[in-house]
Enquirer: 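Take a look at the following structure, please.
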Amino acid sequence: MIQFKNVSMSYETNQVFEDLNLNISRGEVFGLLGPNGAGKSTIMHLLSGFLQASSGTVLLNEKDVVKNSLLSKNNLGFVPQDIALYEDFSAIENLRFFGSLYGLKGNVLTERISELLALIGLESRKNDLIKTYSGGMKRRINIAVALLHNPSVVLMDEPTVGIDPQSRNRIFEIIEKLQQRGTTVVYSTHYMEEVERLCTQIAIIDKGRILAKGTLKELLSTASKTDQIAISFQNRISDFKLKLPVDFHWEEEILLLNCNKNEDLTSVLNALNLIGVKIANIDFLQPNLEQLFMELTGTNLRD
Amino acid sequence: MIRIIATKDIKLFLKDKKGVLLTFLLPILMITLFAFAFGGIGKSNSKIAKIKLIISTEHQTKELTDFIHKLATVSQLELIDKPLEEGLNLVKKGTNVAQLVLGMDTISTSGKSVIKYQLFVDASKRIQIGFLEGLLQQQIMEGKMAGFFEEKFAGMPVNLKNKIEKDVNDTFQTSGLELISVTKNATDKDHLGLVQAVVGTAIMMLLFSIVAIGGGLLDEKENGTFKRLITAPIKPIDLLFGKLLMSVCVSVFQLFVMFLFAWIAFDLHIFKSVPSLLAMIFCTAFAVSSFGVFLVSIVKTRQQLSGISTLIIMTMSALGGSMIPLFIMPAFMQKIAVVSLNYWGIQGFYDIFWRNLSFVDILPRMLVLIGIGGVMLLISIPLFKKNIQQLA
């Protein structure tokens with residue numbers, strides 16, 4: 001459905017992408033996971049027609065989005081990272097205006113607006129000015145605007161930045177409903193847990209390169225074979241006392257080890273026994289995307 | 001699509017109550033201020049201020065006394081009797097425009113005594129001096145002529161002498177330099193100062209308003225709505241034309257309100273030619289709106305807009321006659337004025353309100369304004385497209 005073919009993109013002297021290739025199938029919730037500045041928004045902008053690639057082609061339904069700009073835009077709903085709403089308009093005025101840009105009018109537009117206000121749970125505030133809304137409510141209207149024309153592809157550029165858990169859950173529910181209807185969603189974020197919960201396909205991206213791509217299961221299976229073990233203690237121990245034969249670090253008062261549980265755990269337990277600490281619990285942690293990202297890039301996802 | 005964008009912008013504009021108030025109230029305040037300054041009027045019954053002329057005499061003779069009495073009857077003058085030195089000081093300080101010093105002189109060939117006239121002036125008040133000079137010359141010549149008849153036709157019957165004197169005056173004096181207005185129905189109410197004040201201020205304030213409206217586009221860039229508009233299925237250039245349409249609508253309305261105010265407050269006859277007025281309002285609104293669009297296309301931030309627009313508008317307004325009437329300016333400045341948008345707008349409205357020209361006669365000025373607007377739009381389009389790319 002969506003294809004990036006050998007796409008290169010640069011701003012003046014800054015090369016954002018070089019020969020980017022990416023395929024996104026119909027009905028997927030495709031997650032772009034990467035830190036700030038990785039190139040997630042640029043992918044969104046290239047797809048939405050806001051930017052043009054320096055070379056290569058971006059296809060939507062096998063049609064070049066630049067050459068078929070108006071057609072592509074009609075099939076796309078874009079949720080920008082900023083809250084792109086008119087603060088001095090009410091929710092309904094915003095929805096009416098943006099709907100009219102997509103040729104919606106009369107009863108069709110009115111019904112669509114009612115449907116979306118119900119979906120985002122803001123029917124009772126529809127006549128209030130946007131400037132009186134909370135951040136989370138604005139985010140929900142921001143999404144509703146992108147869904148007005150029933151697009152087959154929805155681009156969501158970090159739609160949950162800076163909002164409360166209630167609004168975040170509401171947004172997750174919206175995305176899940178879109179998926180049920182067969183809408184393709186391209187979702188960019190640097191929140192690992194969002195991608196794990198929502199996305200059927202994930203691309204890990206950093207510095208304009210796609211480092212890994214697949215389902216959550218596929219990606220985790222590529223993580224290294226070292227295990228992460230969390231050990232908690234009954235008594236406090238000093239860091240300087242600790243000399244272990246494996247990599248370790250503390251997270252508050254929990255000791256995290258990166259080792260092979262079959263080969264290294266015994267020697268670690270022996271070392272701990274020697275300094276006289278009492279172990280309260282040992283957990284074998286499942287590998288996650290954060291760990292994978294660190295392995296791929298050597299940096300933390302939120303660095 | 002352009003209409004939808006323009007409607008949205010008009011709604012946004014109307015929601016900004018302070019902005020709307022400033023768009024209409026500030027120009028009205030400025031028009032009032034300049035109308036008093038250049039127009040010299042409040043309501044229709046206001047009079048032109050009299051020139052306060054200091055009179056000093058070096059001698060006391062019947063001829064001098066008669067001349068001063070005659071001068072006192074001139075309604076445009078207010079005579080102030082002062083000693084020579086004191087009068088000169090007042091003129092030097094700028095308190096009074098001029099001092100007329102009268103004395104007696106003797107012609108060497110005939111030994112005859114004649115009045116000597118010396119006018120000491122404050123050179124910075126050129127318009128008043130010119131007016132005063134004209135008045136005095138007229139009075140002096142009439143006085144000389146009366147003296148001539150008194151002397152040469154002393155024995156002639158009074159009726160006959162007066163008739164001949166009147167005929168000579170009519171033929172050689174007053175009719176010799178009669179000031180005739182070239183306008184068809186010029187009245188005090190429509191004098192140049194008032195037209196200048198209203199039109200000059202209206203166009204200058206319109207330029208400022210349009211820049212503020214155009215700044216809305218920059219706000220949209222900053223708050224992200226512009227990005228959303230670009231990703232909607234509309235041509236980017238429609239956004240520019242939508243903004244232009246909105247600006248033209250607001251400008252037409254603003255100019256109309258300003259002229260309506262001038263009509264109500266100062267009795268400026270704005271309805272002399274309604275078609276010409278409406279066409280001129282539209283052409284001015286188009287040119288000014290295009291100028292606003294041009295400015296918005298070349299700047300990237302509000303700060304840039306504020307700096308560049310103030311510089312350009314103040315320069316254009318000063319050159320084009322919005323701040324200082326063109327007829328006061330030196331000839332070379334009047335030639336330069338044609339580069340200013342204000343000039344063409346002001347001259348076009350002069351043609352309607354003061355010169356009473358026909359629609360066809362005013363048409364060239366309208367076409368120039370449309371041309372200026374068109375050129376600015378043509379320049380704005382590629383700049384705007386480039387600006388969109390840079391926005392990303």
Side-chain angles (χ1 to χ4, degrees), chain A residues 9-12 16 41-42 44-54 65 68-90 93-94 96-105 129-131 138 141-143 145-146 148-149 151 153-155 157, chain B residues 1-23 212-213 215-243 245-246 250 300-302 382 384-392:
Chain A
M9 180 70 207
S10 57
Y11 299 116
E12 295 174 352
V16 183
S41 294
T42 307
M44 298 278 187
H45 289 157
L46 286 167
L47 198 47
S48 65
F50 186 63
L51 277 179
Q52 286 185 25
S54 311
V65 295
N68 302 276
S69 166
L70 293 184
L71 183 66
S72 299
K73 285 175 175 179
N74 268 313
N75 286 319
L76 282 171
F78 181 51
V79 183
Q81 197 172 335
D82 308 309
I83 294 171
L85 300 169
Y86 295 103
E87 295 263 322
D88 290 323
F89 277 180
S90 65
E93 284 174 319
N94 268 288
R96 280 205 170 281
F97 167 66
F98 285 111
S100 62
L101 293 182
Y102 289 87
L104 301 174
K105 54 189 170 186
L129 298 183
I130 294 295
K131 64 184 172 193
K138 287 178 186 176
I141 294 286
N142 208 29
I143 292 173
V145 167
L148 275 162
H149 58 295
V153 176
V154 177
L155 310 175
D157 194 358
Chain B
M1 204 52 76
I2 294 170
R3 187 182 55 79
I4 292 170
I5 301 283
T7 309
K8 176 264 298 177
D9 284 329
I10 289 172
K11 273 188 188 173
L12 277 175
F13 169 71
L14 294 176
K15 293 219 174 203
D16 180 7
K17 300 282 184 292
K18 284 181 192 165
V20 171
L21 204 65
L22 281 176
T23 302
I213 292 165
L217 196 64
L218 295 172
D219 291 340
E220 292 205 55
K221 285 180 184 175
E222 280 165 22
N223 67 25
T225 44
F226 187 75
K227 195 183 278 184
R228 178 157 247 156
L229 293 174
I230 292 291
T231 55
I234 52 176
K235 293 173 195 155
I237 215 64
D238 285 354
L239 296 174
L240 197 68
F241 286 128
K243 190 62 76 179
L245 179 60
M246 179 262 188
V250 174
K300 292 192 181 74
T301 63
R302 271 265 182 194
F384 183 73
K385 284 180 179 170
K386 193 179 164 195
N387 224 337
I388 290 174
Q389 283 296 310
Q390 287 174 341
L391 182 69

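Sequence lines set the chain letters: A, B, ... in the order given, protein chains first and strands last, and positions in each chain run from 1. Keep in mind that what you see is a predicted model, and the values were worked out from it rather than measured.
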Enquirer: According to the interplanar angle, ranging from 0 to 90°, do the rings of A/F78 and A/H45 count as parallel (below 30°), tilted (30 to 60°) or perpendicular (above 60°)?
Expert: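 Plane angle over 60°, so perpendicular.
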
Enquirer: Find the one option among B/I234, B/D219, B/D238 whose heavy-atom pairs under 4.5 Å with chain A are most numerous.
Expert: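 Option with the top pair count is B/I234.
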
Enquirer: Any idea which of A/S72, A/S100, A/G103 has the most non-hydrogen atom pairs under 4.5 angstrom with chain B?
Expert: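 Winner by heavy-atom pair count: A/S100.
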
Enquirer: For each of A/D88, A/L76, A/D82, A/L155, tally heavy-atom pairs with chain B at distances under 4.5 Å, and name the one with the top tally.
Expert: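 The candidate making the most pairs under 4.5 Å is A/D88.
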
Enquirer: Who wins among A/L129, A/N74, A/L71 for the most heavy-atom pairs under 4.5 Å with chain B?
Expert: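 Among the listed options, the one with the most contacts to chain B is A/N74.
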
Enquirer: Please classify the contact between A/E93 and chain B as side chain, backbone, both or neither, with a heavy-atom cut-off of under 4.5 Å.
Expert: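 For A/E93, the side chain is the part near chain B, not the backbone.
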
Enquirer: Hey, what do you get for NE2 (A/H149) to CG (A/L104), rounding to the nearest 0.5 Å?
Expert: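 Going from NE2 on A/H149 over to CG on A/L104, the span is 8.5 Å.
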
Enquirer: Between A/F98 and B/R228, is there a cation-pi geometry (under 6.0 Å to ring centre, at most 45° from the normal)?
Expert: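 Yes, a cation-pi geometry.
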
Enquirer: Within the 3.5 Å criterion, strictly below it, is a donor on A/Y86 or B/K8 matched to an acceptor on the partner's side chain?
Expert: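 Result is yes, a qualifying pair exists.
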
Enquirer: For the pair A/N75 (side chain) and A/V153 (backbone), establish whether a donor and an acceptor sit closer than 3.5 Å, ignoring hydrogens and angles.
Expert: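 Looks like no, no N/O pair under 3.5 Å.
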
Enquirer: Tell me, side chain or backbone of A/N94 under 4.5 Å from chain B's heavy atoms, or both, or neither?
Expert: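 Neither the backbone nor the side chain of A/N94 comes within 4.5 Å of chain B.
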
